[in-house]
2 protein chains.
Amino acid sequence: MTTSTVENYVKQLYVEQEANPGEMVLMGRLAAAMEVAPGTATSMVKTLADAGLADYQPRGGVRLTSRGQQLALHVLRRHRLVELFLVKILGLDWSQVHDEAEALEHVVSDIVLDRIDELLGYPTVDPHGDPIPTSSGRVHDPKRMNLASCPIGRPQRIVRVLDQNPAFLQFIERQGLMPGTKVTVADREPAADAVRLRLSPKRETTLGLAAANKILVEATATA
Amino acid sequence: MTTSTVENYVKQLYVEQEANPGEMVLMGRLAAAMEVAPGTATSMVKTLADAGLADYQPRGGVRLTSRGQQLALHVLRRHRLVELFLVKILGLDWSQVHDEAEALEHVVSDIVLDRIDELLGYPTVDPHGDPIPTSSGRVHDPKRMNLASCPIGRPQRIVRVLDQNPAFLQFIERQGLMPGTKVTVADREPAADAVRLRLSPKRETTLGLAAANKILVEATATA
DNA sequence: ATCTTCATTTTGATTAATCAAAATTGATCC
DNA sequence: GGATCAATTTTGATTAATCAAAATGAAGAT
Ligand SMILES: [Mn+2]
Ligand SMILES: [Mn+2]
Ligand SMILES: [Mn+2]
Ligand SMILES: [Mn+2]
C-alpha cells in the first residue's frame with residue numbers, strides 16, 4: 001500500500017528532478033516544496049528509501065530510483081488526465097482543476113482512469129499543456145522556448161503554462177494567452193520588465209518577464 | 001476537518017439506524033459493520049460524540065445527532081451521485097461502482113458534485129435504486145414491498161436492490177432483474193426456498209428467498 | 001445473594017505523519 | 001587549527017486510527 005503522502009513526495013521529487021536534471025534534491029528544497037518542517041522531509045525520505053523508491057545520501061540529498069520514477073509518472077498521469085477530464089467533461093475552469101486533481105489523483109482506480117482516457121480520446125497534454133505520461137510510464141516532453149527568450153517577430157503558438165496558481169491562470173486567461181493561442185513577441189524591454197505581445201493585428205498586451213518566462217511556446221509553421 | 005474515517009462511521013451509523021428505526025446502535029453491531037475490533041468502535045464513537053455528531057450512552061449505544069445525520073446524508077449523496085456518474089458517463093458496470101464510490105465519496109468537492117448532478121439531469125436514485133439525498137439533506141425513501149412479500153400475480157416493477165456485493169449484483173444482472181424491469185411473482189414455495197418469477201410471457205426465473213427479500217418492487221399501473 | 005457469561009470499555013502498543021527544538025556536521029573564514 | 005554558520009538530522013511529543021488482551025459491568029441463572 002503506498003499512501004497519498006508517499007505519492008505526493010515522489011511526485012514532488014520527480015518535478016524537482018526535472019527542474020534540475022542530474023542533481024540530487026536537497027532536503028531544504030524538498031521540505032520547502034512540500035511545506036513541511038525539515039525534519040519531516042528527512043524522515044519521509046528515509047521511508048521512501050526503505051520502500052525502494054528513492055536513494056538517499058545523508059547530507060547529500062535524494063534521487064528517485066527507477067521504481068520511484070515510475071510511481072511518480074503514474075501519479076502525474078492520474079493528475080493530468082483528471083485535470084483534463086474536469087475541464088473538458090465537467091466544465092470546470094482551468095484555474096480550479098489543479099487543486100481538485102491533487103486529491104483525486106490518489107483515489108481514481110485504473111479502470112476509471114482508462115475510461116477517462118478513452119472518453120477524452122487518449123490526449124497527450126493536460127489543460128496547462130503539461131504532458132500526460134502513458135500508462136507504461138513514458139513522457140514526451142520536448143525542450144521549449146518561452147516568451148522571455150523566443151525570437152522577436154516570429155509567430156509562436158502557446159503550448160504550456162508552468163504555474164498552477166489559480167490567480168496566475170486566471171490572469172493568463174484574461175489576457176487571452178491560453179495554450180493554443182498564437183502570439184508574436186513585438187519587443188522586449190528588460191529594463192522595464194516588459195514583454196510586448198501581438199495577438200492579432202489589432203490586439204496586443206504586455207507581460208512582466210517573470211510571467212513571460214512561465215509561458216512556453218513553439219514556432220508556428222511559417223505560413 | 002472531518003476525516004474519511006469519521007465520514008465512514010457516520011454513514012454506517014445512518015444506514016444502521018435506517019435498518020432499525022428508533023433503536024440505539026450497539027457497539028457490537030457497529031464494530032462488525034465497520035470490520036474493526038470492538039474497542040476501536042467505542043473509541044471512534046467517543047470521537048464522534050466529542051465532535052457533536054453522535055450521542056453516546058456507555059453500554060447503551062449510539063445515535064446520530066441531527067448534525068451527524070446531515071453529514072451522513074451529504075456523504076451518501078456524494079456516494080450515490082458518484083456511482084451513477086460512473087455507470088452513466090464512464091460506462092462502468094453497476095457491480096463495480098460501489099467500491100469505487102467508497103473512496104471517491106471523501107474526495108469530490110461541492111463544485112465537482114454540482115457538475116455531476118447537472119450532467120446527470122438531477123437524478124433521484126442511484127444505479128441500485130438507492131435514493132439520492134438533496135444537497136440540503138432531504139431524502140425521499142418510500143416504504144417498499146419486496147419479491148418475497150409482494151402479492152402474487154400482480155405485475156411489479158423492480159425499483160431497488162439492497163445489496164452492494166459485486167457477485168450478487170452480477171447475478172441479478174444475469175437474471176435480468178435490474179431496476180426498471182417488470183416482473184410478476186408466479187408463485188412461492190417457502191419450503192423449497194423458491195420464488196418463481198415471470199419476466200415476460202416466455203421468460204421466467206427462480207430466486208431464493210434471501211435474494212427475493214433484497215429486491216424491492218412497486219406495483220405497476222394496472223394497464 | 002452470588003455466580004456466570006458476554007458485551008463493552010479500558011489499557012497499553014503500534015504505525016503514519018507531523019512539529020519544535022536540540023544536537024550534529026560540513027564547510028567557510030580568519 | 002579553531003570559531004562560526006547554516007543545513008541537516010535527531011530526539012521527544014502529538015494526533016488519528018487501529019489491535020490485542022485485560023478489566024469491568026449488567027443481566028440472567030441458580
Ligand atoms: Mn496529491
Ligand atoms: Mn496541469
Ligand atoms: Mn468511504
Ligand atoms: Mn448504490
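Just so it is clear, the model here is predicted, and its values are computed rather than measured. Throughout, protein chains are lettered first and strands after them, A, B, ... in sequence-line order, and every chain is numbered starting at 1.
Under the 30°/60° scheme for interplanar angles, the aromatic rings of A:F85 and B:F85 are found to stand perpendicular. Between A:H98 and A:H79, the ring planes are tilted. Angles from 30° to 60° get that label.
Whole-Å rounding puts the A:N8 CG to C:dA16 C1' distance at 14 Å. Remark: P of C:dA17 and CE of A:M1 are 13 Å apart, rounded to the nearest angstrom. In this structure, CE of B:M27 is placed 17 Å from P of D:dG25, rounded to the nearest angstrom.
Between B:R160 and B:D130 there is a side-chain heavy-atom pair separated by less than 4.5 Å. Two residues are said to be in side-chain contact when any heavy atoms from C-beta on lie closer than 4.5 Å; A:L48 and A:L13 meet this criterion.
Nearest heavy-atom pair, A:M145 versus A:P151, reported as atom, atom and distance to 0.1 Å: SD-CD, 4.0 Å. A pairwise comparison of heavy atoms in A:I116 and A:L81 identifies CG2-O, 4.0 Å as the closest pair.
Dashed line: the shortest gap from a side-chain N or O of A:Y56 to OP1 or OP2 of D:dT8 is not under 4.0 Å. Taking 4.0 angstrom as the limit, A:Y9 places none of its side-chain polar atoms (N or O) nearer than this to OP1 or OP2 of C:dA16.
Less than 4.0 Å separates DNA chain D from at least one heavy atom of each of the following residues of residues 28-52 of chain A: A:G28, A:P38, A:G39, A:T42, A:K46.
Donor-acceptor pairing under 3.5 Å, judged by distance alone, is present between the side chain of A:R59 and the base of D:dT8.
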